[in-house]
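So that the names make sense, note that chain A is the first sequence line, chain B the second, and so on, each numbered from 1. These figures come from a predicted structure and were not determined experimentally.
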Number of protein chains: 2
Amino acid sequence: MRLTAFSNYALRTLQFAALRAPARTRIDEIADAHGINRAHIVKIVHLLGREGYLETRRGRGGGFTLARPPEAISVGEILRLTEGPFELVECHHAPTNTCPLIGVCRLSKALAKALDAFLASLDAVTIADIAANRGALLARLSPESDADQAPEPSGRGAVVHHSGL
Amino acid sequence: MRLTAFSNYALRTLQFAALRAPARTRIDEIADAHGINRAHIVKIVHLLGREGYLETRRGRGGGFTLARPPEAISVGEILRLTEGPFELVECHHAPTNTCPLIGVCRLSKALAKALDAFLASLDAVTIADIAANRGALLARLSPESDADQAPEPSGRGAVVHHSGL
DNA sequence: TTAAAGATAGACGCAGGATATATCTTTTGC
DNA sequence: GCAAAAGATATATCCTGCGTCTATCTTTAA
C-alpha cells in the first residue's frame, strides 16, 4: 500500500508554498529542490490551481501562492483529489466487480471502514499544521537563508543550487 | 491507494476456510470459485501455511484448514504479512529516502499516524467476524448446497462449476 | 522585444504485480 | 505397489499504472 509520488509532491508543494507565504513560489524552485523533473510539479501546480488551492500567475515575476489560508486546507482533501478513487480492493468498484459476495461481505465493509479511519485522521491535519515548524523546515530547505526567499534567480534548465526538499 | 490482489485473496482464502471448517478446503476449490489461476492461491496457501495460519496436508484427501481459531486471526495481521512493508511515501523507507526534511517533517508523521489508524481498525476485525454471517456467504458461494461441503469432486485443470467467490 | 514564468501535449521506460505453465513430491485408496 | 489426487516449487511472460522526459505554446513584466 503506497501513495503515488504525485500525491506526495502535491502535499509538499502546498507545504512549500505555505512556508514561502506571502511571497510567491516558482515551479522550478520546487523541482530543483527535489531534484526531479519540472513536468511533475507543473502537472501538480496546474491541478491545484484549477481546483482552487493555488493562485497561479504566469509571466515574469509569476509563480503561485496558496489560494486559501493554510488552516483551511486539509491533507485529507488533497489526497482525495490527487489519489484518485480510493478502491482498496476490486470489489469496491462496482462496474468491474467479480466477487459474488458483494453486498454481504463483511471483509469489504471492514476495509471501507479502515479507509475511513485513515482519511479521517488526515482530515484533521491541515497545511498549516505541516508547515507550523517553519524554522526547522526552512533550515533544511535553504540552509544559508532562513526566513526570506532566495534572492538569486535561477535559469530554466540549469540546476543551480539544488538545496533539496 | 490499493491493496494487492494477493492480499485480497489471502483474506478470502482464510474466510473460505473458516466457512468450511472443520472440513478441509482445496486450492482448486478457491481458484475455481474466483475464476483465477491455481498459482495465485498456491502461493497464498504456501505462505499462510509457513506462517502458521493454515494447516496444509498433501496427497489424496488433502487440503488445508485454519491452524488457529478464527477469532485468533486478525485481518490486520494478515495484511501486515501479505502487503509487505507499509511505506506510504518514499521517506518512510530510510535507506532510499531523499527528502531533507526527514526527522522534522510533520507530514511524514501525520501519514504514519493515519496508517496506524487504518491498521488498528483492521486489527479489531477477525476472520471469525468476516465469516460470521455464514448462511448468507455460503448461499452466494454454492447456491445449491447451503451448509455442507460440495460433494462432487473436481478435476485439476477443468473448471467445473465456477460458482464464483 | 526579450526573458521569465506557467500551460499544454505527447512519447517513452520500467518495476511490480498479475497470469500462466510445467514439474516434483507426498499421501491415500485400491 | 501403482495410480490418482493433492500441495510444493520454479520459472517465464504479460501488462498496467506510474514515473520520466522533451518540446513547444502562451502570458506577463522589465
Looking at the base of C:dT19, is there any donor atom on it, or on the side chain of B:Lys43, that sits under 3.5 Å from an acceptor on the other one? yes
Categorize [X] for me: base, sugar-phosphate, or nothing, with a 4.0 angstrom heavy-atom threshold over every strand shown.
X       : result
A:Ala39 : base
A:Ser7  : nothing
A:Gly49 : nothing

Whole-Å distance separating the [atom1] atom of [X] from the [atom2] atom of [N]:
X       : N      : atom1 : atom2 : result
A:Leu3  : D:dG19 : CG    : P     : 10 Å
A:Arg38 : C:dA7  : CZ    : P     : 10 Å
A:Ile27 : C:dT8  : CD1   : P     : 11 Å
B:Met1  : C:dG16 : CE    : C1'   : 18 Å
A:Arg24 : D:dA29 : CZ    : C1'   : 11 Å
B:Leu54 : D:dA6  : CG    : P     : 17 Å
A:Phe64 : D:dT27 : CZ    : P     : 20 Å
A:Arg60 : C:dA5  : CZ    : C1'   : 9 Å

When you match A:Thr56 and B:Ala5 each to their closest nucleotide on DNA chain C, which lands nearer the 5' end? A:Thr56
Less than 4.0 Å between a side-chain N and a carboxylate O, is that true for A:Asp32 and A:Arg26? no
Side-chain N,O ([X]) to OP1/OP2 ([N]) below 4.0 Å:
X       : N      : value
B:Arg57 : C:dT28 : yes
B:Thr4  : C:dG16 : no
B:His40 : C:dA18 : no
B:His46 : D:dT9  : yes
A:Arg26 : C:dA5  : yes

Sub-3.5 Å donor-acceptor pair from the side chain of B:Lys109 to the main-chain atoms of B:Gly103, do we have one? yes
Any sub-3.5 Å donor-acceptor pair from B:His34's side-chain atoms to B:Ile30's backbone N or O? yes
Just to verify, which of A:Ile41, A:Leu14, A:Thr4 counts as forming a side-chain contact (heavy atoms from CB on, under 4.5 Å) with A:Tyr9? A:Ile41
d(A:Asn8 CG, B:His92 NE2) to nearest 0.5 Å is 8.5 Å
C:dT21, C:dA7, D:dG19: which one has an atom nearest the side-chain heavy atoms of B:Asn37? C:dT21
